[in-house]
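Note that ligands are numbered from 1 as they come in the structure, with each ligand's atoms numbered from 1 the same way.
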Amino acid sequence: MKQNLLDFDVQQLTAWFAEHGEKPFRAKQVLRWIYKAGESDFDAMSDLAVSLREKLKQIACVQAPKVMREELSDDGTRKWLLDMGTGNAVETVFIPEEGRGTLCVSTQAGCALDCAFCSTGKQGFSRNLSTAEIIGQLWWANHQLGKDAPSAGSGQAQGNWQISNVVLMGMGEPLLNFDHTVSALRLMLDDHAYGLSRRRVTVSTSGIVPAMDRLRDECPVALAVSLHAPNDKLRDELVPVNQKYPLKELLAACKRYLEKAPRDFITFEYVLLDGVNDSVQQAHELVRLVSDVPCKFNLIPFNPFPQAHYRRSKPEAIRRFRDVLMEADIVVTTRKTRGDDIAAACGQLAGLVQDKTKRTMQRPVALHD
Ligand code: SAH
Ligand code: SF4
């Protein structure tokens, strides 16, 4: 089998080149071709010796996941459904905004953590994605956006066709696929590959405490933590992994993370569920809970999916909840729901993962035909 070069971060690619008798600078040249030029054809890598190109053609390939379907939302959000083989698919979402373009990347097919309000969690866990499958989502999106961007002077709206930010908030728990996630992060950050700033790459976690410490030491990037409840009793129910890593430990890990983080705050994500976690009293409890962690809050109106038992909080409840946090001098953003006409909003990503739980009767969920 040919070696897929998307599976290597810079260090690994350099080591692999050395094993094949090639100098380190060759690895950097190839990286630039793959990630900066978006090239997958070795013959097109014109500054490599012909003999090296021939050798690479024999033993290597540059293979991003195959795209099964692309959907475009009325608001410009794009969603790609990527084939992961053996009945699995995951989703990648591009969200264009004024002055930036954010790609939301998946790290696992399904997720084992079974958060009560999450469509991905309802499917159970299928498998970890490889480094190639994670970084390949960027590679593909870049390729496609570059191809579709209106040419300057065409009279068409230019929109935003560049990926300036990456969030690991698609399907799966990134910190439970640690090694592949970190290799992919390194490629996002490396100047020979995508060269994104650490502040513009965000890992979102449900709170895998030991892995948060590892990430801090091995590859600190911006961190978002999915909180969703102001106390252990409710969080145990909504985010079951809380039973293993309760709030006290989680918040202590957040503080440790900030010692090395590229930003001086943690982003707490909080999905607002009608009548469950959205009262004014709970907002006050939340303020007390996070009082000694420098943080911002991202309030996410719940996005429904077919098997969901929850409802989105009323706009009035969202406003009241937000006001309590703001009165305590916490910076709060309420996430605009993007792409929900194509089920691309937070927590609606479902792909086509072979259902390991039988809860959804083997049918693809949350896909629109
Ligand atoms: N596993 C990681 C990252 C993927 S989920 C995590 O849990 O943080 C990305 C974000 O989407 C999380 O904050 C998650 O809680 C949120 N989310 C999940 N289901 C949702 C839904 N139905 N509506 C709104 N947000 C949801
Ligand atoms: Fe997994 Fe995140 Fe969904 Fe929880 S919210 S089930 S951790 S993907």
Side-chain angles (χ1 to χ4, degrees), residues 90-93 95 102-129 134 137 166-178 181 201-209 211-212 215 221-229 234-245 250 253-254 266-274 276-278 296-313 318 333-340 343-351 353 356-357 359-360 365-366:
V90 300
E91 291 169 335
T92 303
V93 179
I95 307 149
T102 304
L103 192 72
C104 179
V105 166
S106 295
T107 54
Q108 297 182 314
C111 181
L113 297 183
D114 198 19
C115 297
F117 48 81
C118 174
S119 166
T120 305
K122 291 296 142 214
Q123 304 167 40
F125 175 68
S126 187
R127 69 172 175 84
N128 281 332
L129 301 193
I134 301 171
Q137 295 172 55
V166 176
V167 293
L168 271 54
M169 293 184 186
M171 299 169 68
E173 169 50 55
L175 297 187
L176 288 181
N177 182 12
F178 191 87
T181 293
V201 175
T202 303
V203 167
S204 174
T205 180
S206 55
I208 312 297
V209 166
M212 288 165 65
L215 187 70
V221 290
L223 188 68
V225 172
S226 295
L227 213 48
H228 309 316
L234 183 58
R235 196 165 189 268
D236 280 350
E237 213 179 286
L238 296 179
V239 186
V241 76
N242 191 67
Q243 295 161 25
K244 196 160 175 195
Y245 305 115
L250 176 58
C254 289
I266 300 285
T267 302
F268 287 126
E269 296 165 277
Y270 197 101
V271 173
L272 285 160
L273 307 166
D274 182 29
V276 176
N277 66 355
D278 64 348
K296 290 188 181 174
F297 264 81
N298 204 337
L299 300 180
I300 315 172
F302 171 66
N303 293 310
F305 54 92
Q307 305 84 359
H309 300 301
Y310 297 103
R311 284 184 312 267
R312 181 178 289 185
S313 296
I318 298 178
T333 50
T334 306
R335 192 174 290 172
K336 263 195 304 191
T337 293
R338 298 289 303 263
D340 62 351
C346 274
Q348 289 180 321
L349 302 187
V353 175
K356 294 288 187 274
T357 65
R359 276 190 297 254
T360 52
V365 288

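Remark: side-chain polar atoms of Tyr270 are paired, donor with acceptor, to backbone N or O of Asn277 under 3.5 angstrom. Judged by distance alone, with hydrogens and angles left aside, the side-chain atoms of Asp278 form no donor-acceptor pair with the main-chain N or O of Ile318 at under 3.5 Å.
Between the CE atom in Met212 and the SG atom in Cys254 there is a gap of 4.0 Å [rounded to 0.5 Å]. Rounded to the nearest 0.5 angstrom, Leu272 CG and Ile300 CD1 are separated by 8.5 Å. Taken to the nearest 0.5 Å, the OG atom of Ser119 stands 10.5 Å off from the CG atom of Asn303. Here Leu103 contributes atom CG and Ile95 contributes atom CD1; the two are 8.0 Å apart, rounded to the nearest 0.5 Å. A distance of 12.0 Å separates CD1 in Ile208 from CG in Asn177, rounded to the nearest 0.5 Å.
Every residue two or more places apart in sequence or in another chain that forms a side-chain contact (heavy atoms from CB on, under 4.5 Å) with Ser226 is listed here: Ser204, His228, Glu269.
Taking every non-hydrogen atom of Glu269 and a distance limit under 4.0 Å, the qualifying atoms of ligand 1 come out as 10 (C), 12 (C), 13 (O). Less than 4.0 angstrom separates some heavy atom of Gly172 from each of these atoms of ligand 1: 1 (N), 2 (C), 3 (C), 4 (C). Of all the atoms in ligand 1, the ones that sit under 4.0 Å from a non-hydrogen atom of Cys118 are 18 (C), 19 (N). Listed by number with element, the atoms of ligand 1 under 4.0 angstrom from any heavy atom of Ile300 are 24 (C), 25 (N).
Counting heavy atoms under 4.0 Å from ligand 1, residue His228 touches it through the side chain alone. The backbone of Thr205, and not its side chain, has at least one atom closer than 4.0 Å to an atom of ligand 1 (non-hydrogen atoms only; backbone = N, CA, C, O). At a heavy-atom distance under 4.0 Å, atoms from both the backbone and the side chain of Asn303 approach ligand 1.
Ala308 does not count as a contact of ligand 1, since none of its heavy atoms falls under 4.0 Å from the ligand. Note on ligand 1: Gly170 sits in its first shell, one or more heavy atoms being nearer than 4.0 Å.
In plain terms, the two heavy atoms of Gly207 and Leu250 that are nearest each other are CA-CD1, 3.6 Å. Nearest heavy atoms, Met171 versus Gly110: CE-N, 4.1 Å.
Checked against a 3.5 angstrom limit, the closest N/O atoms of Leu168 and ligand 1 fall outside it. Among the atoms of Ser226, some N or O lies under 3.5 angstrom from an N or O of ligand 1. Between Met169 and ligand 1, a contact under 3.5 Å exists for no N or O pair.
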### Task
Using the salt bridge (Lys or Arg N to Asp or Glu O under 4.0 Å) rule, take Asp114 and Lys122 through it: C-alpha gap first, then chi angles, then the decisive distance, then the call.
CA-CA 6 Å; Asp114 198 19; Lys122 291 296 142 214; 3.0 Å; yes
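Here the protein contributes Cys111 SG as N, O or S atoms under 2.8 Å from atom 1 (Fe) of ligand 2.
Counting only heavy atoms, the protein gets under 4.0 Å from atom 4 (Fe) of ligand 2.
The closest side-chain donor-acceptor pair between Glu173 and Thr205 falls under 3.5 angstrom.
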